[in-house]
Number of protein chains: 2
Amino acid sequence: MNGHIMQPALNLETIKVACSNCNLRELCMPVGFNVDEMKRLDEVVEKRRRVKQGELLFNSGDTFTSLYAIRTGFFKTCVTSEDGREQVTGFQMAGEIIGMDGIVSDRHNCNAVALEDAEVCVMPFATVEDLSRELPALQRHVHKIMSREIVRENSVMMLLGNMRAEERLAAFLLNLLQRLHARGLSQSELVLRMTREEIGSYLGLKLETVSRAFSKFSEDGIIEVKQRYVKVLEPDALKKIFNPQTY
Amino acid sequence: MNGHIMQPALNLETIKVACSNCNLRELCMPVGFNVDEMKRLDEVVEKRRRVKQGELLFNSGDTFTSLYAIRTGFFKTCVTSEDGREQVTGFQMAGEIIGMDGIVSDRHNCNAVALEDAEVCVMPFATVEDLSRELPALQRHVHKIMSREIVRENSVMMLLGNMRAEERLAAFLLNLLQRLHARGLSQSELVLRMTREEIGSYLGLKLETVSRAFSKFSEDGIIEVKQRYVKVLEPDALKKIFNPQTY
DNA sequence: CGCTGCCTTGACCATGGTCAAGGTGCGTGG
DNA sequence: CCACGCACCTTGACCATGGTCAAGGCAGCG
């Protein structure tokens with residue numbers, strides 16, 4: 001609601017199209033490069049692309065050509081089954097890389113939709129591959145990013161397979177806050193960029209259940225909710241819900 | 001039950017420790033190499049390792065050093081939450097690669113347990129990285145394998161988030177059969193290598209629910225079940241359960 | 001100012017979880 | 001070779017979680 005918790009609050013005009021002087025570099029690119037390597041790294045970003053709220057960055061079935069590093073904005077990725085059911089597979093924010101689902105079949109396997117106006121760095125995958133043959137640190141980084149996604153999905157499977165509604169929402173909020181905090185934002189306040197229905201789709205719940213869980217946390221004094229604004233009053237209580245064995 | 005549906009029925013004695021003359025090459029390695037490149041490829045397999053039924057190939061927390069290509073046998077991978085809940089994240093069979101969860105943090109993030117006596121090719125990841133800087137086809141292959149795992153996990157998320165018990169089991173059976181068929185085994189018969197509880201953990205269901213779903217399919221004449229032996233009598237009916245909109 | 005999209009809440013219900021009892025088949029040791 | 005024990009599976013009865021359906025509220029926008 002108020003300025004200091006809007007995420008992310010980056011001024012586009014001050015940013016040049018180059019990884020070497022990008023303030024998100026540490027989030028989306030490997031560290032420990034010398035100046036020369038840094039220059040080479042700038043080659044991977046072909047251009048920037050703006051995506052308006054509600055628009056698709058890529059669609060399931062599109063030919064895969066590039067990975068995308070999110071500069072600003074917020075995305076969701078979804079898969080759709082043949083009979084039309086939609087599953088949100090992730091929410092991505094500045095500094096994160098999307099599009100890796102497309103590598104295996106040269107076609108994207110999910111949609112990426114901007115949940116707010118966004119800007120991404122387009123990184124043609126052929127260039128990424130060429131360069132990562134020359135720069136072992138880049139190669140290692142690409143492998144790590146994909147591995148991280150595999151590990152993230154493992155924990156979503158745990159969430160969907162084993163957790164109850166309130167545990168899922170607690171885990172979701174803690175994860176979002178942790179990622180926002182890593183970007184210099186508050187550890188306790190956030191503005192959700194997605195609807196209750198999108199949260200529910202991600203968590204394997206209906207929107208009413210998500211809403212009820214929010215209300216429950218609010219009644220219990222654990223959080224303060226007003227529409228999409230959420231403030232965590234009792235982080236330990238949230239963690240306890242998420243992981244009841246602790247304590 | 002009878003010989004021709006046992007999986008996999010490979011004679012270890014006839015196999016040399018080299019990708020270049022491995023009968024699973026097409027499943028776990030890229031195609032289109034010339035003889036020279038093929039020779040180089042053999043370098044990635046450091047050695048073979050046998051894992052007895054019930055033993056761990058790697059444990060969550062172990063230092064990550066290698067990927068493993070399954071030669072023979074059948075594995076499950078599991079993640080365990082802090083409070084001890086276990087989630088089976090996948091079942092892997094001959095020709096599939098496991099261990100990619102370890103790349104991001106240099107530690108394995110899940111367990112891999114042999115569900116039957118198994119043999120794997122140990123591929124030190126440092127070697128894989130070195131060689132894939134020289135062989136673009138290998139590089140591309142490594143990327144595809146990881147992307148494939150991401151896409152697989154996306155569809156598990158769909159399954160866990162959106163499907164009902166019987167749909168999950170139908171999808172599971174169809175997926176297993178399709179993979180076994182790709183290995184030259186029957187399209188309609190299989191012997192499950194995992195318990196009802198393990199199936200349930202993978203599918204986000206309790207073992208009783210899995211058992212009931214098997215019984216239901218059996219009553220409906222869609223499959224024939226006897227303990228771990230399953231024969232699909234009506235594949236179309238199974239597909240219809242899995243994807244009710246079709247037809 | 002009214003429309004629209006999103007959210008909340010209540011009442012009811014269905015799916016699948018829990019608990020319990022008993023069955024089946026296999027491996028081991030007598 | 002048989003018997004026992006164990007691990008795994010099946011089935012029933014009951015119950016809880018979360019889904020469904022419905023009504024109404026709130027906030028932002030044209």
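Values in this document were obtained by computation on a predicted structure and should not be read as measured data.
- A salt bridge (charged side-chain N to carboxylate O under 4.0 Å, His left out) check over residues 215-224 of chain B, counting only residues at least two apart or in different chains, returns the pairs B/Glu166-B/Lys216, B/Lys216-B/Asp220.
- Side-chain N or O atoms of A/Arg48 include none that pairs as donor or acceptor with a backbone N or O of A/Cys121 at under 3.5 Å.
- Classification of A/Glu96 and A/Arg179 as a salt-bridged pair holds, one side-chain N sitting under 4.0 Å from a carboxylate O.
- In this structure, the CD atom of A/Glu116 is 17 Å from the P atom of D/dG28, given to the nearest Å.
- Not a single salt bridge (Lys or Arg N to Asp or Glu O under 4.0 Å) links A/Lys206 to another residue, sequence neighbours left out.
- If you take CG of A/Asn162 and P of C/dG17, they are 11 Å apart, rounded to a whole angstrom.
- Cation-pi geometry between B/Arg193 and B/Phe91 is not met: the NZ or CZ atom fails to fall both under 6.0 Å from the ring centre and inside 45° of the normal.
- In this structure, B/Leu205 places its CG atom 18 Å from P of D/dT17, rounding to the nearest Å.
- Remark: side-chain polar atoms of B/Asp101 are paired, donor with acceptor, to backbone N or O of B/Asn109 under 3.5 angstrom.
- Between the CD atom of A/Glu197 and the P atom of C/dC7 there is a distance of 9 Å, rounded to whole Å.
- You'll find the ring centres of B/Phe64 and B/Phe58 outside the 6.0 Å limit.
- In this structure, the side-chain contact (heavy atoms from CB on, under 4.5 Å) partners of A/Leu174, at least two apart in sequence or on a different chain, are A/Leu238, A/Lys239, A/Phe242.
- For the helix from C/dC1-D/dG30 to C/dG30-D/dC1, the rotation axes defined at the first and last 5 base pairs enclose an angle of 30°, given to the nearest 10°.
- Judged purely by atom type and a 3.5 angstrom limit, B/Asn162 has no side-chain atom pairing as donor or acceptor with the backbone of B/Leu159.
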What nitrogen or oxygen pairs link the protein and nucleotides 21-25 of chain C at under 3.5 Å?
none

> Reading nucleotides 11-16 of chain D 5' to 3', which nucleotides get B (base under 4.0 Å from a protein heavy atom), which S (sugar-phosphate only), which -?
Replying inline: BBB---
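- Taking atom NZ of residue A/Lys216 and atom P of nucleotide D/dT17, one finds them 11 Å apart after rounding to whole Å.
- Taking side-chain N and O atoms only, B/Arg228 has no distance below 4.0 Å to OP1 or OP2 of D/dC8.
- What separates CZ of A/Arg196 from C1' of D/dA27 is a distance of 13 Å, to the nearest Å.
- For B/Tyr202 and B/Gln87, the side-chain atoms include no donor-acceptor pair closer than 3.5 Å.
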